[in-house]
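Notes follow once the structure below has been shown.
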There are 2 protein chains.
Amino acid sequence: MAKLQGHARNDGTVGQPSSSEGAGTRERILDISLELFTTQGYEKTSLREIAEQLGFSKAAIYYHFESKEAILMALHLRLHALGLDALRNINRETITLEVWSTLLDHLIDQMLSHRALFILHERNRTAFEALHHDERHDAEHDDIESLFRSALANQNIPLKDRVRVACAFGSVIVGLVMTGNAFVDVPDFELGEMLRVIVHDILVPSSSE
Amino acid sequence: MAKLQGHARNDGTVGQPSSSEGAGTRERILDISLELFTTQGYEKTSLREIAEQLGFSKAAIYYHFESKEAILMALHLRLHALGLDALRNINRETITLEVWSTLLDHLIDQMLSHRALFILHERNRTAFEALHHDERHDAEHDDIESLFRSALANQNIPLKDRVRVACAFGSVIVGLVMTGNAFVDVPDFELGEMLRVIVHDILVPSSSE
DNA sequence: GTCTATATAGGGATAGAC
DNA sequence: GTCTATCCCTATATAGAC
């Protein structure tokens with residue numbers, strides 16, 4: 001687990017091919033894996049299958065990645081690399097529904113631009129959770145999910161509001177990643193606008209109080 | 001796949017132990033599997049692991065189930081066995097947002113009573129989808145998911161409404177199964193009421209038109 | 001109905017040639 | 001940077017004793 005391979009880069013560098021251009025094989029591996037992990041699931045996808053689609057042998061993958069898990073980790077880091085710092089640097093104690101509304105607006109944009117990544121995460125929860133347990137990727141693992149989870153557990157926020165935040169989050173998730181191909185014809189901008197309106201309806205409700 | 005084993009029941013019978021009371025080993029297997037499949041994922045869970053928790057050997061499971069897949073199928077049938085016929089017998093062409101609201105009310109009740117089953121399904125999408133492809137369990141496979149999916153693709157319903165249905169569905173899913181243990185302290189009835197209110201807010205919005 | 005023992009296959013991973 | 005060949009392990013599933 002901790003042993004680093006000779007010349008492979010296992011860190012989160014999004015990098016170009018190191019010396020001469022090798023057409024970014026590393027990125028091709030990640031792209032194919034992203035697709036297969038999403039459709040078949042992480043565990044059901046074998047390295048042989050990935051290599052097959054790439055046109056070369058299974059063992060070649062090990063030049064680029066230390067292990068199968070490392071591929072998933074790299075995809076995980078792609079998610080982290082999205083500009084979600086805005087979401088992480090908020091004060092979790094004094095947060096209001098209006099702030100959540102703004103955050104979800106940003107999140108909708110990110111999800112529209114990187115739908116495939118979010119779908120991967122959605123459909124491989126257990127695999128990603130196993131990642132967290134194995135390798136502590138420094139500090140507190142701060143993806144968007146856990147940000148929301150911590151908010152949902154925050155006793156300072158009234159329960160009713162927390163449930164609404166959860167539902168707003170769920171609306172975005174389902175609207176963008178869980179519907180399969182139901183809304184593929186709809187332009188991203190249009191779909192995003194609709195979701196923003198609905199999120200607003202959830203967080204600033206007409207009924208009650 | 002098609003070969004039936006000697007004395008095992010591979011159909012959907014929820015049945016009691018056949019002859020003398022064997023304490024319903026079949027159901028015990030399903031309960032343990034439900035738990036392990038949910039926490040670790042279907043693929044990551046081995047029959048040895050299941051047997052271990054049951055206190056007997058791996059091979060014994062094969063007396064009760066033809067295969068590992070058959071266990072998942074049996075759990076799938078538990079979902080089917082929930083009284084969701086009301087949802088299936090609706091007219092999909094002339095359905096309105098009000099009708100959807102009613103259906104979701106029922107769904108919330110079902111999810112509250114059988115949370116574990118829905119969580120299992122949520123976290124093992126790919127495994128369940130593989131089931132559908134392998135074995136055509138007669139007729140059109142009519143679980144709740146596909147009911148919603150067909151509604152989301154129904155061109156007779158305005159796009160805006162379809163997106164709202166998706167979000168309402170998503171709110172219920174996330175509120176009940178995707179939040180982990182965030183709302184475990186909240187009594188089912190209270191949580192259900194909150195969700196019903198929010199679903200109403202989504203489907204009968206204050207903003208727009 | 002549960003056991004032990006075994007067959008068989010496939011997975012991840014490594015060594016070393018090119 | 002990719003290959004072939006191989007190791008080792010674990011998984012599902014079967015056979016047959018008790």
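Values reported hereafter were calculated over all heavy atoms of this structure, with side chains retained and with hydrogens, waters and symmetry mates removed. Protein chains get the first letters and strands the later ones, always in sequence-line order, with residue 1 at the start of each.
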* Over how many whole Å does the gap from E52(A) atom CD to dT2(D) atom P extend? -> 17 Å
* Taking atom P of dT12(D) as reference, at what distance in whole Å does atom NZ of K44(B) sit? -> 13 Å
* **Nearest-Å distance for atom pair CD1/P, residues I61(A) and dG11(C)** => 12 Å
* To do: Let me know the distance between OH of Y63(A) and P of dC3(D), rounded to the nearest Å.
  => 14 Å
* Would you kindly check whether a donor in the side chain of K68(A) faces an acceptor in the base of dG11(C), or vice versa, at under 3.5 angstrom? => no
* Identify whether NZ of Lys or CZ of Arg in K44(B) sits under 6.0 Å from the centre of the six-membered ring of F37(B) and within 45° of that ring's axis. => no
* To do: Using atom CD of E43(A) as one end and atom C1' of dT12(D) as the other, report the distance to the nearest whole Å.
  => 16 Å
* To do: Would you kindly give the CD1-to-C1' distance between I50(B) and dT12(D), to the nearest whole Å?
  => 12 Å
* Using a strict 4.0 Å threshold on nitrogen-to-oxygen distance, state whether D31(A) and R26(A) make a salt bridge. => no
* Does E49(B) come within less than 4.0 Å of K58(B), counting only side-chain N to carboxylate O? -> no
* Asked: Rounded to whole angstrom units, what separation is found between the OH atom of Y62(B) and the P atom of dA7(C)?
  -> 17 Å
* Nearest to side-chain heavy atoms of H64(B), which nucleotide of dG1(C), dA13(C), dT4(C) -> dG1(C)
* Side chain of K58(B) (C-beta onward), nearest among dA13(C), dT2(D), dA13(D) -> dA13(D)
* Asked: Would you say R48(A) reaches dG10(C)'s phosphate, i.e. side-chain N/O to OP1/OP2 under 4.0 Å?
  -> no
* Assign each of A59(A) and S46(A) to its nearest nucleotide of DNA chain C by heavy atoms, then name whichever residue's nucleotide is nearer the 5' end. => S46(A)
* **Protein-nucleotide distance (E69(B), atom CD; dA11(D), atom P), rounded to Å** => 18 Å
* Decide whether Q53(B) and E35(B) meet the rule of one side-chain donor and one side-chain acceptor closer than 3.5 Å. => no
* Structure fact -> Of the candidates dT12(D), dT2(D), dT4(C), the side chain of L47(B) sits closest to dT12(D)
* To do: Measure the acute angle between the ring planes of F169(B) and F148(B), then classify it against the limits of 30° and 60° as parallel, tilted or perpendicular.
  => parallel
* **Presence of T25(A) side-chain N/O under 4.0 Å of dG1(D) phosphate oxygens OP1/OP2** => no
